[in-house]
> 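Just dropping this structure here.
Keep in mind that this is a model prediction, so the values were computed, not measured. Both ligands and their constituent atoms are indexed starting at 1 by order of listing.
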Amino acid sequence: MGQKAVFIQTFGCQMNEHDSEKIFRILEDRNYRLTEDINKADLIVVNTCSIREKAEHKVYSSLGRLKRLKEKNPQLIIGVGGCVAQQEGEKILHRVPHLDLVFGTHNIHKLPQLIDEVEESGKRLHETAMYDSIPSLTVPSLPVQNQIKSYVTIMQGCDNYCSYCIVPYVRGREMSRKSGEILEEIRRLSESGVKEVTLLGQNVNSYGKGVKGEMIFPELLRAVNKIDGLERIRFTTSHPKDLSEELTYSFRELDKLCEHIHLPVQSGSNSVLKVMKRGYTVEDYIRKVERLRKIRPDISITSDIIVGFPGEAEKDFEETLRLMETVKFDSVYSFKYSDRVETRASRLPEKINNDIKSKRLKTLQACQEKYTLARNRELEGKDLGVLVEGTSKTNPLRMTGRTRSNKVVNFEGFSHQVGCTISVRVRRAFLHSLEGEVC
Ligand code: SAH
Ligand code: SF4
Ligand code: F3S
């Protein structure tokens with residue numbers, strides 16, 4: 001039989017992006033090739049995110065637009081995976097009549113079998129069972145030719161149950177992958193030319209905890225650091241409550257570990273943090289940031305902040321602004337609080353109205369822009385190592401890459417530099433990127 005074409009649309013976080021890569025790997029073995037043209041697809045997979053209501057709406061409007069394609073080509077199979085699929089299960093089949101298949105976050109490995117079944121029986125299927133160990137965790141990130149960077153899953157799920165968050169419900173309990181398997185995967189990636197890996201998990205700092213005989217996270221980092229050929233290691237996401245002294249010292253000890261940490265603080269008010277069930281205070285957070293900067297002064301620190309959490313008073317919000325002034329993050333992803341089903345916060349009274357949330361978000365973002373720009377400007381005139389990733393999106397004559405601190409740098413260069421780390425002098429700093437020249 002001839003090759004078939006799959007179009008994959010991804011919403012949500014890096015976990016989902018990586019899951020989409022795994023979905024493609026599995027389908028590739030089944031004679032599918034990737035297409036960028038949705039009109040040419042025999043199979044469309046939509047990998048969904050339900051972290052906020054807006055994210056979920058986007059998924060439904062995108063699914064709605066697929067109706068016309070199904071009408072034109074009744075043989076087309078449309079499948080929905082990811083966190084909305086996990087949360088809604090069969091309900092999505094009722095709501096979106098042109099869908100064929102719904103598969104949950106623990107069922108990626110079953111996709112070929114499910115597709116065969118849809119093809120053979122013409123039935124509309126849903127599979128959202130959750131397991132104590134996930135076969136899809138072991139789907140390796142197989143190297144692709146000329147790939148420079150790769151994600152590597154080290155754990156899945158989350159046991160933290162922050163009161164606003166749906167992730168523990170849609171991704172399941174925390175599970176660590178075996179270190180031997182992770183290291184073998186990274187070795188293979190490195191042998192095939194991958195220079196940078198990002199270790200992925202909802203809370204990487206608790207890697208290996210509670211698993212008998214397994215390494216803990218700083219030990220895993222030390223082992224990854226020894227892999228020949230690999231140049232850069234990143235990880236995401238870290239929970240501030242579990243950021244140990246040992247992990248902080250890794251930023252000084254391990255030459256491949258990049259000086260960037262994403263450390264979501266969520267709020268600068270102790271009373272809000274308490275109701276969020278985050279397990280740290282503002283003072284704990286600041287202490288950890290100070291320690292990181294003492295050990296690695298050039299570390300870049302980024303964060304996530306939620307505005308308008310139930311009961312957040314003006315004074316709480318001002319405390320968040322104050323924390324931002326104290327820490328001066330390199331950048332911040334900020335969100336308006338959104339009610340999620342099943343979460344504790346959704347049952348709290350004192351919801352903040354949308355206008356106030358919008359106003360706070362705007363204030364916060366304007367404030368952060370100043371700090372981001374100031375942090376980037378500190379780099380003007382400096383020579384930084386840049387791992388060249390490709391040509392710039394906006395100008396094909398320019399190259400783009402990232403510093404170890406995860407800042408995008410654009411400069412005039414040549415395509416043979418892709419995959420190399422070169423020294424670039426920063427000429428100008430902007431909000432989202434730096435401009436430089438090869439020195
Ligand atoms: N595991 C990561 C984050 C996962 S979700 C961590 O613990 O940091 C990414 C971000 O989405 C969170 O850090 C939080 O800022 C935001 N978020 C999660 N649930 C939300 C909700 N109900 N409303 C608004 N933002 C939310
Ligand atoms: Fe959600 Fe909290 Fe888990 Fe992060 S640590 S995924 S915010 S429950
Ligand atoms: Fe979204 Fe699921 Fe990631 S809810 S943020 S895709 S874990």
> Considering atom 2 (Fe) of ligand 3, could you give the total of protein N/O/S atoms lying closer than 2.8 Å?
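Number of qualifying protein atoms: 1.
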> Any salt bridge (charged side-chain N to carboxylate O under 4.0 Å, His left out) involving residues 291-303? Give me the pairs, sequence neighbours left out, ordered by first then second residue.
Glu245-Arg291, Glu259-Arg296, Arg296-Asp298
> Got a salt bridge between Lys209 and Glu174, using NZ or NE/NH1/NH2 to carboxylate O under 4.0 Å?
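The answer is no: the pair does not qualify as a salt bridge.
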> Any idea which atoms of ligand 3 are less than 4.0 Å away from a heavy-atom of Gln202?
7 (S)
> Does this structure show an ion pair linking Arg25 with Glu28, if we count only N-O contacts that are shorter than 4.0 Å?
yes
> Which protein residues have a heavy atom under 4.0 Å from ligand 2?
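Shell around ligand 2 (4.0 Å, heavy atoms): Cys158, Asn160, Tyr161, Cys162, Tyr164, Cys165, Val167, Pro168, Gln202, His239, Arg278.
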> Whether Lys149 and Glu389 form a salt bridge (side-chain N of Lys/Arg under 4.0 Å from carboxylate O of Asp/Glu) is what I want to check.
yes
> Between Asp284 and Lys241, does any side-chain N to carboxylate O distance fall below 4.0 Å?
no
> Output yes when Arg340 and Glu56 qualify as a salt bridge under the 4.0 Å nitrogen-oxygen rule, no when they do not.
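Between Glu56 and Arg340 there is a salt bridge, with a charged N closer than 4.0 Å to a carboxylate O.
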> Taking the six-membered ring where the residue is Trp, are the ring centres of Tyr169 and Tyr161 under 6.0 Å apart?
yes
> Check whether any side-chain heavy atom of Phe235 sits under 4.5 Å from a side-chain heavy atom of Ser250, and report yes or no.
no
> Run through all N or O atoms in ligand 1 and write down each protein N or O closer than 3.5 Å, as a pair with its distance.
{"residue": "ligand 1", "atom": "1 (N)", "partner": "Gln202", "partner atom": "O", "Å": "3.0"}
{"residue": "ligand 1", "atom": "1 (N)", "partner": "Gln202", "partner atom": "OE1", "Å": "2.9"}
{"residue": "ligand 1", "atom": "11 (O)", "partner": "Arg52", "partner atom": "NH1", "Å": "3.1"}
{"residue": "ligand 1", "atom": "13 (O)", "partner": "Gln266", "partner atom": "NE2", "Å": "2.8"}
{"residue": "ligand 1", "atom": "13 (O)", "partner": "Asp304", "partner atom": "OD2", "Å": "2.6"}
{"residue": "ligand 1", "atom": "15 (O)", "partner": "Gln266", "partner atom": "OE1", "Å": "2.7"}
{"residue": "ligand 1", "atom": "22 (N)", "partner": "Tyr164", "partner atom": "O", "Å": "2.9"}
{"residue": "ligand 1", "atom": "22 (N)", "partner": "Ser338", "partner atom": "O", "Å": "2.8"}
{"residue": "ligand 1", "atom": "23 (N)", "partner": "Ser338", "partner atom": "N", "Å": "3.0"}
{"residue": "ligand 1", "atom": "25 (N)", "partner": "Arg52", "partner atom": "NH1", "Å": "3.4"}

> Looking only at atom types and distance, does a side-chain atom of Lys110 sit under 3.5 Å from a main-chain N or O of Glu127, one as donor and one as acceptor?
no
> Taking Glu185 for the side chain and Val152 for the main chain, is one N or O donor matched with an acceptor at less than 3.5 Å?
no
> Please identify which of these residues, Arg52, Arg344, Gln266, meets the side-chain hydrogen bond (donor to acceptor under 3.5 Å, both in side chains) condition with Tyr164.
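Between Tyr164 and the candidates, side-chain hydrogen bond (donor to acceptor under 3.5 Å, both in side chains) is satisfied uniquely by Gln266.
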> Under the 3.5 angstrom rule, does the side chain of Asn73 hit a backbone N or O of Lys70 as a donor-acceptor pair?
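No: the side chain of Asn73 does not pair with the backbone of Lys70.
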> Charged N to carboxylate O below 4.0 Å: is that the case for Glu325 and Lys370?
no
